[in-house]
J.: 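Please find one structure pasted underneath; my questions will follow.
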Number of protein chains: 2
Amino acid sequence: MHLEALNIFCDVVRHQSFSRGALANSVSQSAASQAVRQLERRLGAQLIDRSRRPWQLTPEGKLFFQGCQEIVDRYHELEEAVQRRQDPSGYTVRLASIYSVGLHDLSQYVDRFRAAVPGAHVDIEYMHPDEIPTRIQNDQSDVGLLAFATPGRDLTVVPWRQQTMAVACPPAHRFAQRTTAIGPWELNGAAFVTFDRGLPVRRELDRYLRRHGVDLEVVAEFDTIENIKQAVEDGAGIAILPESTLRREVERQTLVTVALDTLDGEAAFVRPLSIVHRRRRRLNPAVTQFIRLLRLDGAGQTGDAPAGRPAKAEDRYAGAGAASVTGTP
Amino acid sequence: MHLEALNIFCDVVRHQSFSRGALANSVSQSAASQAVRQLERRLGAQLIDRSRRPWQLTPEGKLFFQGCQEIVDRYHELEEAVQRRQDPSGYTVRLASIYSVGLHDLSQYVDRFRAAVPGAHVDIEYMHPDEIPTRIQNDQSDVGLLAFATPGRDLTVVPWRQQTMAVACPPAHRFAQRTTAIGPWELNGAAFVTFDRGLPVRRELDRYLRRHGVDLEVVAEFDTIENIKQAVEDGAGIAILPESTLRREVERQTLVTVALDTLDGEAAFVRPLSIVHRRRRRLNPAVTQFIRLLRLDGAGQTGDAPAGRPAKAEDRYAGAGAASVTGTP
DNA sequence: CCCCCTCTATTAGCGCAACTGATTCATGGG
DNA sequence: CCCATGAATCAGTTGCGCTAATAGAGGGGG
């Protein structure tokens, strides 16, 4: 019996839905349906009563669900316990990151990690977001940091931060005086410095603006946040950037940020940053430790909201949150 | 992760041997080796230190072993709990048995089962032993009773009884006066009534006799014990039969049994009876109940030794005991 | 001391099990 | 009544785990 199948069953039950349970495990709805059916066949017992709508757990199903949950939890605890026992010294963390993750923050993390685990090495490489999943699947990197990640068959996505996006403009700009949030429509026609086409954040940003009927005049495109900020400082136009990456410029008063918000109750535009790593094979102890450090650390330093960490045992390594942002509109 | 792999690992550890651990799970030694290696890969930790001979568990291995054991146990308990909750009424037990299982005993079991589970049906079919595994794999029968069973990929063998074989002869025969066990060599040249060629018990019997250099004159061959007994009663010769099946004839004094034993410490010749059923897919509640009845009942009625039931969690459904009897000499 | 014998690792190849994508089916809501 | 939604089913493909054969590594006996 696959432990994965047990986990799928648990997720199906928790979500009261085969599709969502499947999504939480990064498999197709079909796979989830088949997995549960096979469980029922092997057990020789009906776990789910499909005659009523919505379906319900049978008594056997309830019993099995509770047991399953405990077994799956126990196994994952066991895995962690085995790993914690390992000595991270001598191992290398090969980190692949997008350019614009917030260089300062990242180097702070790395410094703290190096201090905590003296024997470990960290290799950071910055690259185009599209390269990161490939590199991880090819085992050229252990862990990646990128935005709008989508989980895959052998790629685990752990939601990390929710960067709220804000309008950035020079102090002289008319927006700079605003004390209240700007509505997207107010941006119409403005000169706009933005991300390169081909970056996921650009795609999402365009989608967001189009959804609100905003038409901007793109005057420059860059592949790093640093370049965009520079252009805005030089007066090329305004930009929409993660607020947390603008901290220093705001302090130096070379840039001003204005919150971007809709009034219709729609969530503000956020850029979900994720930690990704390969699935199945376990990571070396140093990598595990590094990821633990990233996740456990509050977002206090950056001001970003930590991405909702799924409750114990629920949606373990789901990453569905990030995926649903990218989902069809 | 396959729960089966965890169980293989546990068995390997318990037996301190990859080969025996593999055997206990009815897989090849190679499969066990690969399973453990894959576990180590996935965990990213060494579980077994192969540098010393004999190999030893690493500290991580010990930790993982304990956890594994508990998880596997827990899962099987869970499976059983789910099944116990099911109502056996309305289900049918399709039992396939060899002719010579001891008809009286079997019907007693069936009667008791029918009394215990009024709603269930039992269909007994007697057939040639070679047919039984096939029928079970084709899902034409649920459970089989046969001798010298060998487990297979999708056939579980549960050791059941150890029938000790004894010499049977008419009261007038010279052996009938014996008060001590007969050594095999003393049988030399005797007229012999035995099982049909093609029956496993015949094969094993011949092997046993050849090993002890005994040459008998086969005067008749039958496919059921009842016929053999009849022939012996008629004075055709002697036979070697399960002692427990001779009870009635001995009481009626139509036959005499004499223990058959070697002096060299070799175990007496026994015929292992096994309960077989399909692997993987779970059996219906009535079948489960029936098997439980067969196993839990002491061998008091028959005088056969119950086959050593493996201790809790050890060699679950192994059937290795029976297999090793059939093993290469 | 050498050889053999046992036990585990490794490799190649095969078969099945599980996944995906497409489609059908069932049901409840607008 | 028809459409939207969610689960089941089906066909096709891939990849995993198995077996069988073989290599390699110790340990024990002659």
J.: Can we say B:R74 and B:E77 salt-bridge, meaning some charged N sits less than 4.0 Å from an Asp/Glu carboxylate O?
T.: no

J.: Could you check how far CZ of B:F9 sits from C1' of C:dT8, rounded to whole Å?
T.: 16 Å

J.: Is there a side-chain contact between A:S30 and the phosphate of C:dG21, meaning an N or O under 4.0 Å from OP1 or OP2?
T.: no

J.: When the distance from CD of B:E4 to C1' of C:dC16 is rounded to whole Å, what number comes out?
T.: 14 Å

J.: Just checking A:Q29: base, sugar-phosphate only, or nothing, at a heavy-atom cut-off of under 4.0 Å?
T.: base

J.: Using atom CD of B:Q46 as one end and atom C1' of C:dT8 as the other, report the distance to the nearest whole Å.
T.: 14 Å

J.: Return the value, rounded to whole Å, for the distance between atom CG of B:L39 and atom P of D:dG17.
T.: 10 Å

J.: Could you walk me through whether A:Q83 and A:T288 pass the side-chain hydrogen bond (donor to acceptor under 3.5 Å, both in side chains) check?
T.: CA-CA 8 Å; A:Q83 278 179 65; A:T288 310; 2.9 Å; yes

J.: When you measure from the side-chain N and O atoms of A:S33 to the phosphate of D:dT9, is any distance below 4.0 Å, counting only OP1 and OP2?
T.: no

J.: Taking atom C1' of C:dC19 as reference, at what distance in whole Å does atom CG of A:L23 sit?
T.: 16 Å

J.: Does A:R52 place a side-chain N or O at less than 4.0 Å from the phosphate oxygens OP1/OP2 of C:dT27?
T.: no

J.: Between A:R50 and A:A31, name the one whose nearest nucleotide on DNA chain C is closer to the 5' end.
T.: A:A31

J.: Which part of the nucleic acid does A:Q38 contact within heavy-atom distance under 4.0 Å: base, sugar-phosphate only, or nothing?
T.: sugar-phosphate

J.: Within this structure, what is the CZ-to-P distance between B:R279 and C:dC16, rounded to whole angstrom?
T.: 17 Å

J.: Please figure out whether A:A35 or A:P54 has its closest DNA chain C nucleotide nearer the 5' end.
T.: A:A35

J.: Taking only Lys NZ, Arg NE, NH1 and NH2, and the carboxylate oxygens of Asp or Glu, determine whether A:R203 and A:D206 approach each other closer than 4.0 Å.
T.: no

J.: Measure CD/A:Q137 against C1'/D:dG15 and give the value in whole Å, please.
T.: 15 Å

J.: Looking at A:R37, does any N or O in its side chain come under 4.0 Å of the phosphate oxygens OP1/OP2 on D:dA8?
T.: no

J.: List the steps, then state whether salt bridge (charged side-chain N to carboxylate O under 4.0 Å, His left out) holds for B:D142 with B:R135.
T.: CA-CA 8 Å; B:D142 297 306; B:R135 277 187 67 92; over 6 Å; no

J.: Could you pick out which residue, A:Q34 or A:H2, lies toward the 5' side of DNA chain D when each is mapped onto its nearest nucleotide?
T.: A:Q34

J.: With no hydrogens and no angle check, just 3.5 Å: does a side-chain donor-acceptor pair link A:Q29 and A:S33?
T.: no

J.: What is the nucleic acid contact for A:S19, judged by heavy atoms within less than 4.0 Å: base, sugar-phosphate only, or nothing?
T.: sugar-phosphate

J.: How close or far is atom C1' of D:dA25 from atom CH2 of B:W55, stated in whole angstroms?
T.: 16 Å

